[in-house]
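Count residues from 1 along the sequence.
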Amino acid sequence: GNSGGPLLDVLGRVVGINSAGIQGTENLGFAISIDGAQNIIKELVANGRIERGFLGIASGTITRSIARRFDLPVETGVFVLQVTPGSSAEEGGLLPGDIITGLGGDRIDDQGDLTRVLAGNKPGAQVEITYIREKETDPRISTIVLGKRPR
């Protein structure tokens, strides 16, 4: 298979970890850079698992077309569909319908951004979350403590 093996440069140094190949093609594959993987590897060796901050929402990415269709006050962000009872999101005051536009000082344009920022924070991290409520144009800012993903 293509996944999980080392990606080597011409000198035999590991520069990545192969993650996927596309069937029916030749010489087309994807890899995670070794720089991006080193922290994950260290945490796996030390703890046997990866712990990332958990917000406790079900969400969807806002695109320009979605924003226009529903007359939203922003064209990018993460739309909160559901808030898990007792979660960091609930304790921080988030409600279904809110649009997350920032977390921990980083701009959040889509779910990929949100996932990346959460991955960079451990449970217990205190972060600011920026969000828009309903048709308001001014963002709200709350400080939340990220939780631990339930098993």
Side-chain angles (χ1 to χ4, degrees), residues 1-5 7 14-25 27-44 47 49-151:
N2 294 318
S3 298
L7 177 64
V14 177
V15 295
I17 299 171
N18 293 311
S19 60
I22 298 177
Q23 291 183 354
T25 65
N27 303 320
L28 181 59
F30 299 92
I32 301 166
S33 78
I34 198 62
D35 293 335
Q38 283 180 336
N39 288 337
I40 293 171
I41 293 166
K42 287 176 187 172
E43 189 170 347
L44 280 171
N47 303 324
R49 60 191 160 106
I50 304 295
E51 286 197 352
R52 296 179 169 164
F54 181 70
L55 195 52
I57 62 169
S59 60
T61 293
I62 293 176
T63 62
R64 284 187 191 153
S65 61
I66 290 170
R68 280 192 300 264
R69 181 173 182 199
F70 294 102
D71 193 30
L72 299 176
V74 292
E75 291 189 341
T76 61
V78 172
F79 188 81
V80 178
L81 299 167
Q82 184 178 10
V83 177
T84 304
S87 67
S88 300
E90 183 183 61
E91 291 175 12
L94 286 177
L95 299 173
D98 288 344
I99 301 169
I100 299 170
T101 59
L103 184 67
D106 289 315
R107 182 175 162 160
I108 303 296
D109 286 331
D110 56 36
Q111 286 182 289
D113 289 341
L114 182 61
T115 299
R116 178 184 51 77
V117 173
L118 288 171
N121 286 280
K122 301 285 183 213
Q126 188 172 338
V127 295
E128 281 191 346
I129 188 163
T130 306
Y131 59 98
I132 303 287
R133 177 153 296 154
E134 297 174 2
K135 300 293 181 186
E136 296 175 1
T137 54
D138 292 331
R140 294 179 178 211
I141 299 173
S142 294
T143 300
I144 61 170
V145 177
L146 295 176
K148 189 175 183 178
R149 180 175 297 279
R151 291 192 180 248

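The minimum heavy-atom distance linking G56 with S87 is given by the pair O-OG, 3.4 Å. Between F54 and K148, the shortest heavy-atom contact is CB-C, 3.8 Å. Heavy-atom minimum distance, G60 versus L81: N-CD1, 4.1 Å.
Considering T84, I144, V78, N121 as possible partners of L55, the one that fulfils the side chain to side chain contact (heavy atoms under 4.5 Å, CB included) test is I144.
Distance CG/L118 to CG/L103: 5.5 Å, rounded to 0.5 Å. Here I66 contributes atom CD1 and F79 contributes atom CZ; the two are 9.5 Å apart, rounded to the nearest 0.5 Å. Between the OH atom in Y131 and the OG1 atom in T101 there is a gap of 10.5 Å [rounded to 0.5 Å]. Taking CD1 from I108 and CD1 from I62, the interatomic distance works out to 12.5 Å, rounded to the nearest 0.5 Å. Here the CG-CD1 distance, from L94 to I129, works out to 4.5 Å after rounding to the nearest 0.5 Å. Taken from CG in D98 to OG1 in T130, the straight-line distance is 12.0 Å, to the nearest 0.5 Å.
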For D109 and T76: C-alpha separation, side-chain torsions, deciding distance, then whether side chain to side chain donor-acceptor pair (under 3.5 Å) applies. CA-CA 5 Å; D109 286 331; T76 61; 3.0 Å; yes

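A salt bridge links R64 and E75; the closest N-O separation between the charged side-chain nitrogens and carboxylate oxygens is under 4.0 Å.
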